[in-house]
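What follows is a short report on a single structure.
In what follows, every chain begins at residue 1, and chains take the letters A, B, ... in the order their sequences are listed. Remember, it's a predicted structure, so these values are computed and weren't measured experimentally.
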Amino acid sequence: MSGNGSAPITRANRQIDARGSSLIERVHVSRGTGRMVVLLVLTFTLFAILRPGIFLNPLNLQTIGVAAPEIGILALAMMLAMLTGGIDLSLPAVASGAAIVMSTLYASIAASSGEAAAHAMGPVIMLVGLLTGLACGAINGFLISVVGITPILTTLGTMQLFNGLAIVATDGVTISGAPAAMTSMARATVAGIPVLFLLLIVVAILVAVLINATALGRKIQLQGANPTASRYSGISSRSTLMSVYLVSGLLGGVAGIIFLGRHGTANADYGASYVLLVIVIAVLGGTNPNGGFATVTGVVLATLTLQVVSSGFTALRLSAYEYAIAQGAILIVVMVLDQIRFRRRRAAAPPASETVAIATQRKKDGTRP
Amino acid sequence: MDRLRRLRGTHNEGILVAVILVVIVAMAVASPAFLTPSNFFALVRSSMVPLIFALGVLLIMISGGIDVSFPAIAIFAAYTTIAWSSEASFDPTIVGVFAIALVIGALLGLVNGAVIARFRLPTLIVTLGTQGIIKGILIAYIGSTYISAGKLPASVRDAADAHLVDIPGGGHLHAVIIPVVLVTALVWWMLRYTTFGRSIFAIGGDIEAARRVGIKVVRTQILLYVLVGALAAFGGMIYVILGKNANPQTLVGTELDIIAAVVLGGASIFGGRGSVLGTVLGVVLVQLINNNLVLVGIPSTWQRAAVGVLLIVGVGIQALAAARSKRRAPIVEEGSVA
């Protein structure tokens, strides 16, 4: 089209092209993080004004800090799966499964060699919980990367399976018992900040390092952005996907530890209502469900926002069902707005064919931008 | 070889029939209580509601989507209708009850369809959202109380007591089997012989190609979700009639069992493939296992795990077969530029 155009037009085109792409980049970075900072501040201010007495109470803020970590860690795991273009519906089932395994192990040690021994075995029990999560992740990873089942179907099936085994193990009732190490960790605070919240921050930093500063992280991002390109770059999608679901299973195990520590009980049903919440948080935090883009900061901020909304709703005496309505509404509104903005950006950017023409022209000119 | 392939069916229906037969023979050997009319009627009875839901899931899946909001739509439509009718002490006859429920279901489906088709958002995530919203509105604002048999509208109560076949001491076949079979046949006919049905396949096969041959994609998708919403409401009413009560806390949470049955029935999660016959067989297989594990001495707590294993094995075999046929194909298609 513009292949034979005069030089000034080509230059102008090139300039617009460059400015357009830098604009896109800037929007891309702020998407998620920037939006979440605004949303978090807005929701916090809203509830602080509506119910200052209850909402701004330090106890309430601590409760937010204690309740957020297990959901936040599950959301980070979901984000990892979504980053490759997949999804992990089995996460809450993995978490409750790990909690049940740990609680059962604790109970059987307590029964055979006394409670003191069971408490002393705390670290080992936690390790077993992490290994349970890892094993669940390995099953997911095997089915997705080796057998080749779509992530959504795999995790749908394993969610049924893990949840089903949890029902078998517990007979469908709530079991109780947790080592003191876990329950005291769940209650401990450092300078007023709950230890669990610090744990969330540590996990978030580790996940951020994994994504942004390791070779595996680059592979994960490329796998989600463009699987074909990833394959032609000689990256084994099999090992990338396997690692992702291993890590997400491990994070499920961590969430299980937190859950058992907080409540001292475990239950096969506990996961069910978290599937929606965790997906809401991941998407709200700027994760592209089709893969290729996500920010850890965005997801952490989204977790806090949802917790603020949850405790704000409680302060306003609204029910859990009204919170479910809010979750669904937030999810759909955010996705619709993202889509509208994406379309507008695409309409504003030069059409793809022209960009290709410019690139060809550039190559002909022998210039490099 | 050719006859074998025909026996296998286009969506592996033959294999499903074989698996079902094997399960039936195994259960019949394990327990004399299995091959009795009452057990057969119980199987039919427990398959009816999942079948209606499965047909809706099938339609969405053929179009390339996944719907998890249908149980919420079903119970919302059925409970709202019944609650209104019993509160207003007005019985709109059984036809009227169904009509109101179907309209409510269709409107909720319209919301799904409008958001999904207009903004081209991932269907699973949108319907997860609407599921939360619909169930939340139902329980927070419409009603959270259980409506017992005595408070149901008289026409619904009468329908609940209507039996098509009654064997004294041997169970009965419920009369709602008639509308369920009719609706199933209607969906089969629609998918096979109407332009709308073929358009759904076309959209699921390749949305861009469908657009280029002149199918109005947005309109077809919206209509599809409206239809599936109405189908869900129909299933919800059948559920209320069979259970002879209306409880707003039920149904939501069963969506994955239904999706598992449809996938086992040979429908592709990527769209463009699926059959009513396969879906019926998938539902029957899942119900067969759910209903009769106890008869063969396996505790009922194993139900969920068993369905999970069944789903994983089913889709695993499909995935391995697909990978093998791709390796055999001379031209690798996915390498081409989209």
Side-chain angles (χ1 to χ4, degrees), chain A residues 87 89 93 139 143-144 147-150 152-154 156-172 227-228 231-232 268-269 272-273 275-277 279-280 282-283 289-290 318-336 338-340 343, chain B residues 66 68-69 72 111 115 118-122 124-141 144 252-253 256-257 259-260 263 268-270 299-320 322-323 326 334-338:
Chain A
I87 196 165
L89 298 172
I139 294 174
L143 291 171
I144 292 166
V147 182
I149 312 174
T150 341
I152 190 171
L153 284 182
T154 302
L156 188 69
T158 53
M159 170 184 150
Q160 301 273 83
L161 177 63
F162 301 154
N163 200 242
L165 292 178
I167 293 174
V168 172
T170 60
D171 264 332
T228 314
R231 197 170 56 236
Y232 286 145
D269 286 338
S273 63
V275 180
L276 170 62
L277 181 60
I279 293 177
V280 170
V283 172
N290 299 320
L318 293 172
S319 70
Y321 296 104
E322 278 152 330
Y323 181 48
I325 299 174
Q327 284 174 22
I330 291 173
L331 179 63
I332 289 173
V333 168
V334 165
M335 289 214 302
V336 166
D338 272 356
Q339 189 69 16
I340 290 172
R343 281 189 194 174
Chain B
I66 284 195
V68 292
S69 67
V111 175
V115 175
R118 174 77 182 73
F119 297 104
R120 287 207 233 162
L121 295 175
L124 172 73
I125 297 176
V126 169
T127 51
L128 260 176
T130 50
Q131 184 202 58
I133 296 174
I134 292 169
K135 186 173 181 209
I137 291 177
L138 173 65
I139 295 178
Y141 303 115
S144 55
V252 177
L256 300 175
D257 284 334
I259 293 174
V263 171
S268 161
I269 200 142
F270 300 112
S300 63
T301 46
W302 279 94
Q303 271 180 17
R304 195 170 257 263
V307 174
V309 169
L310 197 65
L311 177 63
I312 294 170
V313 170
V315 293
I317 291 171
Q318 284 174 26
L320 288 176
K326 199 162 66 185
E334 17 151 37
S336 62
V337 179

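Using a 4.5 Å cut-off between heavy atoms, I125(B) contacts chain A through both its backbone and its side chain. Heavy-atom distances place both the backbone and the side chain of V126(B) under 4.5 Å from chain A. For chain B, no part of Q327(A) is nearby; none of its heavy atoms comes within less than 4.5 Å. With a threshold of 4.5 angstrom between heavy atoms, T170(A) does not approach chain B through any atom at all. Proximity to chain A is limited to the side chain of L124(B), based on heavy atoms less than 4.5 angstrom apart. Heavy atoms of L121(B) lying under 4.5 Å from chain A belong exclusively to its side chain. In this structure, chain A has a heavy atom under 4.5 Å from the side chain of I66(B), while its backbone stays farther away. Proximity to chain A involves both the backbone and the side chain of I133(B), based on heavy atoms less than 4.5 angstrom apart. Interface residue L165(A): backbone and side-chain heavy atoms are both found under 4.5 Å from chain B. Interface remark: V315(B) contributes backbone and side-chain atoms alike to the contact with chain A (heavy atom separation under 4.5 Å). Heavy-atom distances place both the backbone and the side chain of L161(A) under 4.5 Å from chain B.
Comparing Q160(A), M335(A), Q339(A) by heavy-atom pairs within less than 4.5 Å of chain B, the highest count is held by Q160(A). Counting heavy-atom pairs closer than 4.5 Å to chain A, the top residue among I312(B), L311(B), V309(B) is I312(B). Of the listed residues (G316(B), G308(B), A305(B)), the one with the most heavy-atom contacts under 4.5 Å to chain A is A305(B). Options T154(A), V280(A), I152(A) differ in how many heavy-atom pairs under 4.5 Å they form with chain B, and the most are formed by I152(A). Ranked by non-hydrogen atom pairs under 4.5 Å with chain A, the options I134(B), V68(B), V252(B), D257(B) are led by D257(B). With chain B as the partner, the residue from L153(A), I340(A), I279(A) showing the most heavy-atom pairs under 4.5 Å is L153(A).
Here the straight-line distance linking atom OG1 of T150(A) with atom CD of Q318(B) works out to 9.5 Å at 0.5 Å rounding. We find the CZ-CD1 distance between F119(B) and I332(A) to be 11.0 Å, quoted to the nearest 0.5 Å. Considering CD1 of I325(A) and OG1 of T130(B), their distance stands at 12.5 Å, rounded to 0.5 Å. Atom CG of residue D269(A) and atom CG of residue N163(A) lie 7.0 Å apart, to the nearest 0.5 angstrom. Distance check, rounded to the nearest 0.5 Å: CD1 of I167(A) to OG1 of T301(B) gives 8.0 Å.
Tested against Y141(B) for a side-chain contact (heavy atoms from CB on, under 4.5 Å), the candidates I139(B), L138(B), I137(B) yield a single pass: I137(B).
Shown here for K135(B) and A72(B), the closest heavy-atom pair between the two residues is N-CB, 4.4 Å.
Legend: residues meeting side chain to side chain contact (heavy atoms under 4.5 Å, CB included) with A319(B), ordered by chain and number and at least two apart, are I149(A). Among residues two or more places apart in sequence or in another chain, the side chain to side chain contact (heavy atoms under 4.5 Å, CB included) test is passed with I330(A) by L284(A), V334(A).
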